[in-house]
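Comments concern the structure below.
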Amino acid sequence: MHPVRKQRLYIVLFIVIGASIAAGLIFYALRENMNLFYSPSDIATGKAPLDARIRAGGMVREGSVQRLGDDLEVRFVVTDYAHDVTVHYVGILPDLFSEGQGVVVTGQLVTPERFDATEVLAKHDEEYMPPEVSDALEKAGRVPQN
Amino acid sequence: MTCERDHRLLFEDLSFTLSAGRVLQVAGANGSGKTTLLRFLAGISNAYSGDILWRGDPIHKVSAHYRSQFLYLAHAPGVSLSLTALENLRWYFSLNQHIDSQALYHGLREVGLEGYEDVPGFRLSAGQQRRIALARLVISRAPLWILDEPFTAIDRGGVTELEHLLCRHARDGGAIVLTTHHALKLDMAFDRVELEEGQC
Amino acid sequence: MTCERDHRLLFEDLSFTLSAGRVLQVAGANGSGKTTLLRFLAGISNAYSGDILWRGDPIHKVSAHYRSQFLYLAHAPGVSLSLTALENLRWYFSLNQHIDSQALYHGLREVGLEGYEDVPGFRLSAGQQRRIALARLVISRAPLWILDEPFTAIDRGGVTELEHLLCRHARDGGAIVLTTHHALKLDMAFDRVELEEGQC
Amino acid sequence: MAIKWPLFFHKLGSPRWFYRIGGMWLPWMAALTSLLLLVGAVWGLAFAPEDFKQGNSYRIIYVHVPAAFIALAGYYVMALAGAVSLIWKMKVADIVLKCAAPIGAAMTVLALFSGAVWGKPTWGTWWVWDARNTSMLVLLFLYLGIYALYNSFEREEQAAKVCAVLALVGTVNIPIIYKSVDWWFTLHQPATLKITQASSMHASMWQPLLVMIAGFYLLYATLLIQRVRVEVLYRERRTRWVRDIVLQAGSVRK
Amino acid sequence: MLGPEQVPGSLEATAGTLRRDLLLAYRRRGDIINPLVFALIVVTLFPLGIGPGERLLAEIAPGLVWVVALLACLLSTDSIFRDDYLDGSLQQMLLSPQPGYFLVQAKVVVHWLVSGLPVTLMAPLLGLMLSMPGGGYLPLLVSLLFGTISLSMIGAIGAGLTVGLKRGGVLVALIVLPLYIPVMIFGSGAVVAGCEGRPYSGQLAVLVALTVLASVLAPLAITGALRINMDD
Amino acid sequence: MLGPEQVPGSLEATAGTLRRDLLLAYRRRGDIINPLVFALIVVTLFPLGIGPGERLLAEIAPGLVWVVALLACLLSTDSIFRDDYLDGSLQQMLLSPQPGYFLVQAKVVVHWLVSGLPVTLMAPLLGLMLSMPGGGYLPLLVSLLFGTISLSMIGAIGAGLTVGLKRGGVLVALIVLPLYIPVMIFGSGAVVAGCEGRPYSGQLAVLVALTVLASVLAPLAITGALRINMDD
Amino acid sequence: MYFDSVAQLFAMDGHGVYVWSVYAAALAIIALLALTPVFKRRRFIAEETRVLTRQRNTPTTRLN
Ligand code: HEM
Ligand SMILES: Nc1ncnc2c1ncn2[C@@H]1O[C@H](COP(=O)(O)OP(=O)(O)OP(=O)(O)O)[C@@H](O)[C@H]1O
Ligand SMILES: Nc1ncnc2c1ncn2[C@@H]1O[C@H](COP(=O)(O)OP(=O)(O)OP(=O)(O)O)[C@@H](O)[C@H]1O
Ligand SMILES: [Mg+2]
Ligand SMILES: [Mg+2]
């Protein structure tokens with residue numbers, strides 16, 4: 001074979017082999033759960049590890065927020081409308097935190113039902129509408145998120 | 001064997017042909033573009049318009065083949081000062097030509113570095129360092145030599161020897177392009193291209 | 001004015017004296033120790049035994065004074081390529097001598113860099129860059145010049161001019177030590193010290 | 001090249017042609033851009049209704065989203081110009097590569113700034129290390145890297161080629177970065193404007209947004225052409241046609 | 001004229017370059033300790049800067065060790081091609097009839113042997129100094145082993161792009177760090193997971209995939225960058 | 001013979017050197033952003049490596065910002081004298097009849113202007129990115145302002161010692177970091193105190209004292225180092 | 001207009017600072033981007049005019 005062609009062939013071969021190995025590995029990795037983020041359903045089905053620093057998120061269930069004592073301890077239920085998990089948190093909640101709103105909490109799972117949070121972030125969803133529309137929707141019996 | 005080169009426009013219609021067995025000196029004052037021209041010939045830079053042909057083909061079309069045919073000696077000659085003379089040559093030829101070990105020793109002997117084969121480059125003087133690169137000329141079988149100021153830092157005796165070497169290569173059917181500010185004295189006729197300052 | 005230097009033992013009893021109005025060429029093959037000797041003379045290195053005397057005093061005793069008396073041009077000449085020719089010279093003389101601006105322009109004109117005063121160094125060719133350093137010779141009033149291969153990269157015309165400059169300095173009562181592989185042609189007599197390879 | 005390219009492709013590569021055509025288009029584009037941005041901004045600021053949850057702070061969307069879109073698109077413009085410059089050695093592509101970097105970087109800064117300011121009232125913090133924020137910050141670094149690399153070369157041709165390589169390598173990396181940060185942490189909201197489904201935003205609110213997005217795309221094109229034209233003058237300063245322009249514009253005394 | 005049979009094959013040329021670079025590395029064997037000591041010192045700076053609380057240190061340990069390893073590699077990367085560029089060897093290499101791809105790969109591999117590998121081997125010690133939990137050591141070693149390879153490969157792109165510039169140092173860092181980020185996220189992710197007793201094979205798989213990809217693709221970019229810079 | 005009246009005074013020589021170096025810095029003005037972006041990127045690496053938790057980040061913020069500022073200065077330090085050494089300017093400077101002390105000081109000051117000062121000005125942004133508490137910003141600015149001066153001075157000693165070596169980078173870091181430690185302890189100490197609402201004027205006073213000492217003593221060491229390296 | 005008064009438009013129920021600062025920043029950045037090439041062009045013309053004037057007045061240099 002012409003030497004220049006031979007050189008090119010080697011290079012192409014090298015790249016093709018490398019790419020296939022990489023593809024295989026990625027395929028394997030996709031089947032593993034690398035996520036640090038768990039939904040209440042994941043937690044309920046036992047996918048989340050206990051006593052490890054993880055993140056969870058979902059909606060704050062309406063009417064579930066309870067202030068305990070006069071210090072900053074709060075308890076609320078995070079739900080994905082399939083399963084629930086109860087979150088304990090001591091600290092100041094962000095301004096936008098409210099019932100029916102999305103949150104991301106960081107902390108650890110003490111038991112499969114109880115999550116002790118060290119951090120609470122309010123998450124905003126992609127719905128945008130004027131208040132009148134939202135009121136109208138609510139009157140018509142549709143909750144304007146998810 | 002013939003090698004042809006045409007080169008136009010930057011040097012305003014410069015055009016020359018170099019045939020096997022000939023030596024071509026590129027002359028001109030400081031800043032007239034000698035180094036620039038040699039870099040074009042070696043295919044390092046292509047900031048020119050016009051064509052440089054090697055046996056009828058533009059060099060950038062046959063670059064891998066063309067690169068095996070010439071030896072280029074630049075201001076920085078590619079000699080690593082942390083390596084010995086021998087190690088430097090061994091690497092160079094592992095890339096360029098099949099050579100046996102004896103040839104390397106022979107080459108170093110020819111350029112007056114006998115006894116310095118295993119001395120690291122940084123312990124040598126400016127001229128001795130330069131001679132390591134010149135040893136390649138003795139050893140290589142590449143038909144075309146492109147030499148930018150090969151006589152730099154070389155002493156009187158060395159210059160004469162190098163001139164002999166150039167003649168021998170040309171007589172053996174090789175071709176040489178070189179620049180030098182030194183008055184070239186060869187035992188044979190050679191061509192000159194003069195670059196003028198305004199041209200560039 | 002007389003300048004004396006004694007230098008011993010490394011070059012096995014080398015000893016010479018340089019007087020005002022004289023030019024001394026240090027000659028020798030590659031690796032014979034020319035650069036090394038010049039570095040001793042400039043007080044850069046003191047890995048020698050013996051004495052180097054400036055008007056009777058060892059140079060390391062009168063170093064601050066001695067340093068104001070000579071101009072040293074090394075392989076790397078101290079020209080910053082990010083600055084223009086003019087800026088380079090201005091800085092050099094702000095350290096070494098009171099000079100007026102006109103002298104700088106004059107110096108650059110003398111070495112053929114007229115019109116290149118405000119061009120950054122990296123845009124110049126090898127020889128033009130070297131000429132920036134040579135402009136110091138035209139301008140400076142230092143009595144002693146120590147020049148290591150001043151002709152490197154300089155074209156034929158430049159060499160002749162530089163040789164004239166050397167003569168003029170010597171005639172004006174200056175002293176010059178230089179190395180070169182080039183056959184020095186001066187309009188006046190000059191001394192030579194030959195270093196032999198075995199000596200070093 | 002064995003392939004015959006359409007004539008306009010060759011012309012596009014000619015700086016002179018680009019300068020002339022760009023000059024013809026520029027005033028119209030600038031006028032339209034100003035109009036769109038003005039209408040969009042006034043509409044978004046004063047006429048669009050407030051959001052039922054975020055109140056008025058959501059009006060930042062009319063700057064944030066277009067700026068973020070442009071910041072991302074700008075990188076691909078740059079990489080594309082780099083590819084063209086490496087493959088076809090087209091002068092104008094070199095110049096586009098150079099000019100796209102500062103504009104893209106500025107838009108990235110704007111997206112970051114507006115996002116940070118928006119985050120204060122909505123998330124309660126100026127900055128969180130979520131996937132969108134982080135990858136946007138990295139995008140800024142890529143822009144700055146290109147800019148710094150370009151400016152450290154003394155020869156423009158070389159600078160352009162080197163940056164073209166970097167831009168291409170960066171293109172491979174942007175999706176990887178985005179994906180790698182994505183599984184890692186997300187707080188930023190998902191897409192509001194969806195191509196496949198109806199937007200989850202009320203019409204009275206997304207109409208001005210569309211105007212603003214169109215305005216920003218046009219703004220980007222205008223700014224890019226404007227910059228490229230000036231850069232063309234610098235690059236071609238030795239040519240007759242640029243000298244003629246100089247002679248016309250300035251007063252060369254005899 | 002020189003026939004193609006007189007030109008050494010790619011394998012021989014790559015071996016020659018490998019031998020030369022190993023020899024150079026051996027001549028400068030003192031340089032191996034530089035990144036090591038740098039890593040050690042930076043790891044010492046942290047307790048001094050943030051206070052010596054063991055809990056806090058343990059918590060940041062996996063990330064910190066990775067960041068430090070990365071910086072140590074980065075600092076040595078900038079000079080992969082510098083010397084060869086200055087003395088003209090690089091030019092000779094690129095003007096030889098050999099494909100740059102494999103030669104460049106050989107150079108990067110040697111660079112990894114004298115920088116990435118030692119740092120990897122020292123990493124457990126750094127972990128220990130920061131009281132990193134026991135489960136993290138295995139993923140630390142494995143992730144750094146592969147991670148440093150890709151760092152060398154990616155770093156070499158930056159080194160190649162800036163080889164013609166006098167002051168590469170910080171510029172290389174600037175160009176290269178954004179490209180390192182995915183590697184670091186998966187690498188340190190694996191170590192964090194290991195520390196907390198979670199499975200980490202997924203992260204490692206992605207890391208290895210990135211490494212393999214970088215190893216086969218980066219030489220293309222490096223060779224291109226070097227060729228561009230040769231024409232200064 | 002040249003009389004002493006023909007030799008420019010120290011003031012003139014220092015001014016000349018200052019002008020030259022400022023000019024060089026101006027020609028390479030793009031380089032100013034390099035340490036800035038480096039600092040930004042390294043600060044970005046940390047949340048990615050150790051996780052995005054705000055509490056943790058805020059806790060390590062003062063120390064981290066200081067360490068990063070220090071590294072950014074360090075990386076640019078290595079090249080203070082490099083170019084001048086390579087092109088022979090340094091040799092000419094030391095062979096001139098001027099005292100090296102002031103010339104060297106001028107060079108270091110210019111270096112600080114283009115590296116330490118910008119990093120200082122950017123530091124509050126870094127603090128913000130790491131959610132540093134509000135009380136820390138003032139001491140951060142002041143401590144870095146003085147701290148970076150002494151870092152430049154001390155770094156220049158390292159740069160001077162290694163200027164003759166081809167691969168300075170890591171070695172400089174190695175030599176210089178131990179000397180930096182006291183500066184960093186007091187600097188980050190002041191910031192930590194500020195974050196926690198404690199008084200910090202004591203630490204700042206010590207820091208300023210160290211800076212003044214470094215500024216008057218370091219030039220001696222630097223000049224010595226450079227002279228030794230000239231005789232290679 | 002959605003708001004009842006200009007004052008309300010500026011205040012935006014307390015979110016005015018955020019919203020208006022973003023729009024101001026956008027304006028500033030766009031203005032900066034649009035004006036730099038204008039100045040650069042002016043500088044270019046001035047520089048080149050000087051060069052051409054010099055070349056006109058020195059007959060040795062040719063104008064190609
Ligand atoms: C510094 C912080 C922020 C950064 C860097 C950032 C970045 C981005 C980017 C890059 C996009 C474009 C995404 C795409 O093209 O797919 C985007 C879109 C968007 N961002 Fe942000 N953002 C930030 C904060 C926020 C905040 C606080 C909000 C509001 C709660 C927000 C709301 C939006 C919206 C509504 C979109 C449009 C989404 C779509 O339709 O695709 N952003 N942002
Ligand atoms: N990097 C550069 N950028 C712009 N112009 C340059 C550059 N390098 C060289 N030049 C210019 O190109 C011209 C030719 O330079 P070249 O180095 O080819 O000259 P030369 O004939 O080799 O001179 P010398 O004998 O001094 O080595 C010079 O006028 C020089 O000013
Ligand atoms: N750094 C060094 N360490 C040890 N030996 C050295 C060193 N530099 C040079 N030498 C040796 O010292 C001798 C003299 O070197 P020098 O550079 O002075 O020679 P030179 O006469 O200037 O030669 P040239 O004409 O080649 O420049 C040489 O034999 C060289 O091998
Ligand atoms: Mg030349
Ligand atoms: Mg010598």
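Quick note on labels: first sequence line is chain A, next is B, and so on, each numbered from 1. Treat the numbers as computed from the prediction; the structure is a model and nothing was measured.
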Can you find a pair of side-chain heavy atoms, one from [X] and one from [Y], that are under 4.5 Å apart?
X	Y	result
Thr17(E)	Leu95(B)	yes
Trp91(B)	Arg19(E)	no
Leu23(E)	Glu87(B)	yes

task: Answer yes or no: are there more than 12 heavy-atom neighbours, outside Phe122(B) itself, under 6.0 Å from its atom CZ?
output: yes

Atom pair [atom1]/[atom2] of [X] and [Y] - distance to nearest 0.5 Å:
X	Y	atom1	atom2	value
Thr84(B)	Arg27(E)	OG1	CZ	6.0 Å
Gln6(E)	Gln97(B)	CD	CD	6.5 Å
Asn88(B)	Asp87(E)	CG	CG	8.0 Å
Tyr92(B)	Arg20(E)	OH	CZ	13.0 Å

Minimum heavy-atom distance [X]-[Y], with the two atoms named:
X	Y	answer
Val7(E)	Ser68(B)	CG2-CB, 3.8 Å
Ser94(B)	Gly16(E)	OG-CA, 3.6 Å
Gln91(E)	Ile44(B)	NE2-CD1, 3.2 Å
Tyr72(B)	Gln92(E)	O-NE2, 2.8 Å
Ser80(B)	Leu24(E)	OG-CD2, 3.6 Å

query: Is chain E contacted by the side chain of Phe93(B), its backbone, both, or neither, given a heavy-atom distance below 4.5 Å?
result: backbone

- prompt: What residues of residues 96-108 of chain E sit under 4.5 Å from chain B when only non-hydrogen atoms are counted?
  reply: Ser96(E), Pro97(E), Gln98(E), Leu103(E)

query: Do you know which of Gly43(B), Pro120(B), Pro77(B) has the most heavy-atom pairs with chain E at a distance under 4.5 angstrom?
result: Pro77(B)

- request: Give the member of Gly88(E), Ser10(E), Ser89(E) that has the highest number of heavy-atom pairs under 4.5 Å with chain B.
  value: Ser89(E)

